[in-house]
Amino acid sequence: MTTSPLALLPTALLLPTNALAQTQNRPNIVLFLVDDMGWQETSVPFYKEKTLLNSRYRTPNMEQLASRGVKFTQAYASAISSPSRCSLLSGMNAARHKVTNWTFDYNVETDMNDPEMMPPTWNCNGIQPDTVTSAHNRHRTTLITPLPQLLKDAGYYTIHCGKAHFGARTTAGEDPRSFGFMVNIAGGANGGPASYLARKEFGSNRFHVYGLEQYYNTDTFLTEALTIEAIKALNKPITEGKPFFLYMSHYAIHVPYEADERFTPNYRQANGQGMFDPMLQQPLNENEINHAALIEGMDKSLGDLLRFIDSKPEVARNTIVIFMSDNGGQAIDVRQGRHNYDQNYPARGGKGSALEGGIHEPMLVYWPGVTHGGTENHNRVMIEDFFPSLLDMAQVSQYRTSQVVDGRSFVPLLRNPKLHRKRQIVWHYPHFWTTNISERDGYGPSSALMHGPYHLIYYWRTNTCELYNVTNDIGESNNLAHKMPKLTSKLKKMLFKKLDEYGAQKPTWKTPKH
């Protein structure tokens, strides 16, 4: 068993008998997580200047949250959903927890087939709480002491709403309540919705969203239904005077791109065509119209939650709101525009890519009395940092974990905006996410290191590296690997040292190479 740096005793033994009274002074925490949202799929610019892509979207509530709090311009996650979500709940780097691809069915790997290479035997059953005992739940998985369980033990009322995607079907990790959430609204093993439409009963295939049957055969969009249910769930801890943790995890903006008819008219011209987009130099197509409407619907959800909290001043004064996405926006065979640039421009690549477009995320933090409204923070943050950060915010300072926690709290960055610290980040994706692209635009089995201004990407199939100065070249168009061989070699050694430390599993050749 390993422990966090501050861990001494189980939380239950550390809390005094009057713990409930003391927890009433702890801040409430709302973590608003969006699925598949690129860092530029918003009217809030996360680049050094506003881009044409920012002008496509309507996200006034994100703008409001940014005006209240701090915008992190260098926030990162894994390039795929499950690895990010498992890192968030565990504090572990994906290379360490080994849930390095997306999960769904028990013991089923989700890699695309490749004629030459095969992925490692990764933990395709996801993460599980360390309390499970059956062989079924402990097979091809990582056991963790979960973030929501630690918050629950500290007196928090914990609510999960929306997409979970932590563990495979038939495992304990399929149900968010196994991880310490006291309420689960519509969360399961599925990584996306079968349908956003209640009139379609949220779909009939294996990605069907359960738990919202009361909305069937109505015109309620999934994003709206989740928001209504989340606000209902918040009434209990507010009435009882308990601190709450709401993990508001939307299925939006994951495919399918179905029309949210509340907002699709905002992206059409009078002639019925999609609005003319100056970046594309042509009208938006139906996918792009529906995608933009999904984003606006997600933003309305954020606004509804903010208004609900603001309507209760005593709650508003003590509620932290964090906005984040789990990976970059879709960039393959989804919409039109410049290939592998569109929704992540000026970054290149997208979901599944090791380049900036696949890993760079929009992140906002509002903490009353702590953050300074309308400010920016240029320190790097990685998805596993959320585990120690939320515990830090909740004043949970002593706890025991089964896992090694790789994340670093970003709370000091909030309390001292002038603080600048080094943050080395490692990515590990030894998989084939798509058959359409391989070893270009950041796709294909790869590992990566961000160190200082440099982003090194190593491709397992070709045994080659790409090196970019992302401070000066956010589009990663100038590969410096051949121009700076000594630095490339040094960073590659640093990367492999970290992978060895994490016990990272590596892809292999189907036919041994000589």
List the steps and the verdict of side-chain hydrogen bond (donor to acceptor under 3.5 Å, both in side chains) for D153 and Q149.
CA-CA 6 Å; D153 291 345; Q149 183 64 55; 2.9 Å; yes
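- Here the side chain of T158 pairs a donor or acceptor atom with the backbone of G180 at under 3.5 angstrom.
- F46 and T73 make their closest contact through O-CB, 3.9 Å (heavy atoms, listed as atom of the first residue, atom of the second, distance).
- Ring planes of Y247 and H160: tilted class, angle from 30 to 60°.
- By the side chain to side chain contact (heavy atoms under 4.5 Å, CB included) test, T51 pairs with Q40, Y47, L53, N54, P346, sequence neighbours left out.
- With sequence neighbours left out, the salt bridge (charged side-chain N to carboxylate O under 4.0 Å, His left out) criterion links K300 to E224, D304.
- Every residue meeting the side chain to side chain contact (heavy atoms under 4.5 Å, CB included) condition with A504, not counting sequence neighbours, appears here in chain and number order: A95, H428, L499.
- Each salt bridge (charged side-chain N to carboxylate O under 4.0 Å, His left out) pair with one or both residues in residues 406-416, not counting sequence neighbours, appears once here: R96-D406.
- Checking side-chain atoms of W39 against main-chain N and O of I359 turns up no donor-acceptor pair under 3.5 Å.
- Residue-environment remark: NZ (K506) exceeds the threshold of 12 foreign heavy atoms within 6.0 Å.
- Here the side chain of R380 pairs a donor or acceptor atom with the backbone of G452 at under 3.5 angstrom.
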Worked verdict on E384 versus N93 for side-chain hydrogen bond (donor to acceptor under 3.5 Å, both in side chains):
CA-CA 6 Å; E384 56 256 34; N93 185 273; 3.1 Å; yes
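- There is a side-chain donor-acceptor pair under 3.5 Å between H431 and T100.
- In this view, N379 and N377, L413, H420, R421 satisfy the side chain to side chain contact (heavy atoms under 4.5 Å, CB included) rule, not counting sequence neighbours.
- Side chain to side chain, T59 and T42 meet the donor-acceptor criterion of an N or O pair below 3.5 Å.
- Atom CZ of R68 is surrounded by more than 12 heavy atoms from other residues, nucleotides or ligands within 6.0 Å.
- A donor-acceptor contact closer than 3.5 angstrom is absent between the side chains of N28 and Y156.
- Under the 3.5 Å distance criterion, with hydrogens and angles disregarded, a donor-acceptor pair is assigned to the side chains of Y267 and E296.
- Atom CZ of R348 sits about 11.0 Å away from atom CD of E356, to the nearest 0.5 Å.
- A side-chain donor-acceptor contact under 3.5 Å links H97 to the backbone of V99.
- Side-chain atoms of T145 come within 3.5 Å of backbone atoms of S402 as a donor-acceptor pair (strictly under, hydrogens ignored).
- Looking at residues two or more places apart in sequence or on another chain, you find no salt bridge (charged side-chain N to carboxylate O under 4.0 Å, His left out) involving K48.
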